[in-house]
4 protein chains.
Amino acid sequence: MLSFEIHSQDGQPIYLQIVNSVKKSISAGELVAGQKLPSVREIAREIKVNPNTVHKAINLLVEERLLTTKRGLGCFVRKRRPSSITERLQALEPLIDHLIVEAAHHGLNDLELLKLIGSRQKRIYGLKR
Amino acid sequence: MLSFEIHSQDGQPIYLQIVNSVKKSISAGELVAGQKLPSVREIAREIKVNPNTVHKAINLLVEERLLTTKRGLGCFVRKRRPSSITERLQALEPLIDHLIVEAAHHGLNDLELLKLIGSRQKRIYGLKR
Amino acid sequence: MLSFEIHSQDGQPIYLQIVNSVKKSISAGELVAGQKLPSVREIAREIKVNPNTVHKAINLLVEERLLTTKRGLGCFVRKRRPSSITERLQALEPLIDHLIVEAAHHGLNDLELLKLIGSRQKRIYGLKR
Amino acid sequence: MLSFEIHSQDGQPIYLQIVNSVKKSISAGELVAGQKLPSVREIAREIKVNPNTVHKAINLLVEERLLTTKRGLGCFVRKRRPSSITERLQALEPLIDHLIVEAAHHGLNDLELLKLIGSRQKRIYGLKR
DNA sequence: GTGGTCTAGACCACG
DNA sequence: GTGGTCTAGACCACC
């Protein structure tokens with residue numbers, strides 16, 4: 001079952017929270033290739049936001065080639081296109097660097113940060129991996 | 001010497017890039033307690049942005065108690081106030097979670113992510129630690 | 001033999017793809033006046049779309065007077081009614097203008113575009129003309 | 001001077017007409033790299049559509065890397081990234097094929113189509129080329 | 001001032 | 001029923 005955690009008071013815009021929520025579900029295996037998502041209106045009703053906001057999120061995911069939409073039918077999860085190593089690094093490095101700086105800035109040393117990340121990994125993916 | 005890397009086409013607002021740049025310099029030891037920053041106008045000229053933007057960034061850093069301003073003298077780096085564990089976690093968890101999801105989404109498993117972070121830590125702080 | 005190439009992920013709606021596919025077959029001489037088309041259900045099965053979609057396409061072709069339907073017998077290709085010069089221009093100019101803009105936008109000059117079109121003409125109609 | 005020709009009763013959605021209009025202006029040299037576009041609100045006022053509609057068009061152009069937006073400053077034309085030959089063909093062939101079929105279907109032979117295109121090219125770009 | 005996000009609600013196109 | 005387009009209008013973030 002698909003579930004979205006949306007916090008309307010989060011700084012991060014709602015449509016991005018939806019995007020990340022879907023990404024999370026896909027990488028956690030809750031959504032698999034070919035599977036149909038709930039309709040835009042359904043999602044909007046469930047998380048109590050405007051359908052346009054959901055639509056915007058889905059549009060982004062379509063552009064990122066994670067979903068396809070078929071008019072009159074709905075939205076579907078695409079097969080993952082494996083990303084190249086270069087792409088991965090380009091996408092992740094800014095996040096990592098920012099995190100490292102923030103961590104240092106809060107007084108964590110390198111090892112403590114790694115431990116903290118490890119514990120979050122377990123929390124997110126549980127025993128599945 | 002202090003240097004700012006500003007990418008006006010980065011999604012991240014310029015004033016936040018300045019904030020992070022200063023934080024990075026502080027945690028890397030390029031800026032130490034008591035040291036004077038260049039003036040707002042100087043910085044603005046150097047990185048070619050509106051002085052208001054620089055001002056906003058510095059204001060934020062003052063509010064975060066990383067800098068103090070002394071009228072007529074300039075802006076100075078404060079001594080670090082160690083943050084509580086709770087504060088650290090609150091600040092870092094969203095970043096970590098987002099990173100984990102993005103990494104999984106690019107096909108990295110947990111260990112690969114940790115390795116990547118480790119290598120960035122070395123790159124940023126070099127042999128200093 | 002008649003064949004449809006349908007790409008469900010094409011931006012262009014399926015029913016229009018069917019319409020164009022039939023037009024192409026007619027102007028290429030694969031379908032000639034008086035010839036019977038496969039039934040709606042057959043076509044739908046072959047290209048794996050909803051029969052309603054096929055029906056809509058055929059309706060359009062009937063309205064354009066390219067096909068006629070005979071109750072209980074099926075759908076047949078009509079004799080061509082030559083279109084007036086005005087009609088031709090009205091139909092083609094938007095397509096041409098769009099193509100010219102797109103070509104310029106991809107760095108082709110006028111002559112290169114004409115050459116490219118020439119080569120596609122040969123490719124589509126081969127030596128038949 | 002920049003001018004948009006928008007026909008609200010055109011089948012083609014307004015936001016795409018705006019997109020094409022901007023592309024046309026760029027490839028015609030009316031808009032050059034670095035130049036600032038009128039603000040979203042200005043354009044909306046001029047062509048009498050909702051600012052959101054203009055915004056959507058500009059968003060698309062940003063994604064296509066033809067424009068960049070700088071918050072608080074406006075939208076600017078980017079330097080053209082020359083497209084590869086493969087990309088050009090991929091982008092143009094569907095348009096060309098469709099045009100050829102439509103032309104044949106209206107009774108134009110290959111040469112007549114080429115002549116018609118030639119005359120439109122002159123009309124669009126005038127004596128500039 | 002600029003662009004970006006979000007809402008509410010209408011209407012259309014598609015399958 | 002589905003998703004797509006467009007409007008009107010509010011509010012926010014940025015420079």
Side-chain angles (χ1 to χ4, degrees), chain A residues 6 8-18 36-44 47-60 62 67-76, chain B residues 6 8 10-18 44 47-57 60, chain C residues 6 8 10-18 44 47-57 60, chain D residues 6 8-18 36-44 47-60 62 67-76:
Chain A
I6 303 299
S8 65
Q9 222 56 0
D10 193 8
Q12 204 181 29
I14 297 174
Y15 78 94
L16 277 182
Q17 294 184 47
I18 299 173
K36 185 182 173 306
L37 281 141
S39 78
V40 167
R41 290 159 171 87
E42 257 179 276
I43 297 175
I47 62 181
K48 294 185 187 110
V49 301
N50 188 291
N52 286 335
T53 307
V54 178
H55 184 257
K56 179 167 187 177
I58 286 184
N59 241 353
L60 273 178
V62 168
L67 302 181
T68 51
T69 67
K70 302 189 186 174
R71 284 244 249 183
L73 295 178
C75 284
F76 300 83
Chain B
I6 303 299
S8 69
D10 194 10
Q12 206 180 29
I14 294 173
Y15 79 94
L16 276 183
Q17 292 185 48
I18 298 173
I47 60 181
K48 293 179 188 121
V49 301
N50 192 308
N52 289 333
T53 308
V54 178
H55 190 251
K56 179 167 185 177
L60 267 179
Chain C
I6 303 298
S8 70
D10 193 11
Q12 205 179 30
I14 296 174
Y15 79 95
L16 275 184
Q17 292 185 48
I18 299 173
I47 61 181
K48 292 180 187 122
V49 302
N50 192 308
N52 288 334
T53 308
V54 178
H55 190 251
K56 179 168 185 175
L60 267 179
Chain D
I6 303 299
S8 66
Q9 221 57 0
D10 193 10
Q12 205 181 28
I14 296 175
Y15 78 93
L16 278 183
Q17 294 183 47
I18 299 173
K36 185 183 174 302
L37 281 150
S39 79
V40 168
R41 290 159 173 88
E42 257 179 276
I43 297 175
I47 61 180
K48 294 183 186 111
V49 300
N50 189 291
N52 286 334
T53 307
V54 178
H55 185 257
K56 180 167 187 178
I58 286 184
N59 241 352
L60 272 178
V62 168
L67 303 180
T68 51
T69 68
K70 303 188 184 173
R71 284 244 248 185
L73 294 179
C75 285
F76 299 83

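What's counted below: heavy atoms across the whole structure, side chains too, no hydrogens, waters or symmetry copies. Reminder, nothing fancy here: chain letters follow the sequence lines and each chain counts from 1.
- Atom CG of A:Asn59 and atom CG of A:Asn52 lie 10.5 Å apart (nearest 0.5 Å).
- Interatomic distance, B:Leu60 CG to B:His55 NE2, rounded to the nearest 0.5 Å: 11.0 Å.
- Atom CG in A:Leu37 sits 9.5 Å away from atom OG1 in A:Thr68 (nearest 0.5 Å).
- The CD1 atom of A:Ile58 sits 4.0 Å away from atom SG of A:Cys75, with the distance rounded to the nearest 0.5 Å.
- D:Ile58 places its CD1 atom 11 Å from the C1' atom of E:dT2, with the value rounded to the nearest Å.
- Applying the side chain to side chain contact (heavy atoms under 4.5 Å, CB included) test to D:Ile6 and every residue at least two apart in sequence or in another chain returns D:Phe4, D:Ile14, D:Gln17, D:Ile18, D:Ile47.
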In 5'-to-3' order, the base (B), backbone-only (S) or no-contact (-) status of each nucleotide in nucleotides 5-14 of chain F, using a 4.0 angstrom heavy-atom cut-off, is SBBBB---BB
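- Rounded to whole Å, the distance from CG on D:Leu67 to C1' on E:dT2 is 15 Å.
- Following rounding to the nearest Å, D:Ile43 (CD1) and E:dG3 (C1') show an atom-to-atom distance of 12 Å.
- A pairwise comparison of heavy atoms in B:Pro51 and B:Ala44 identifies CA-CB, 3.8 Å as the closest pair.
- Each end of the helix from E:dG1-F:dC14 to E:dC14-F:dG1 gets its own axis from five base pairs, and the two axes differ in direction by 30°, given to 10 degrees.
- One finds a side-chain N or O of D:Ser39 lying less than 4.0 angstrom from the OP1 or OP2 phosphate oxygen of E:dT2.
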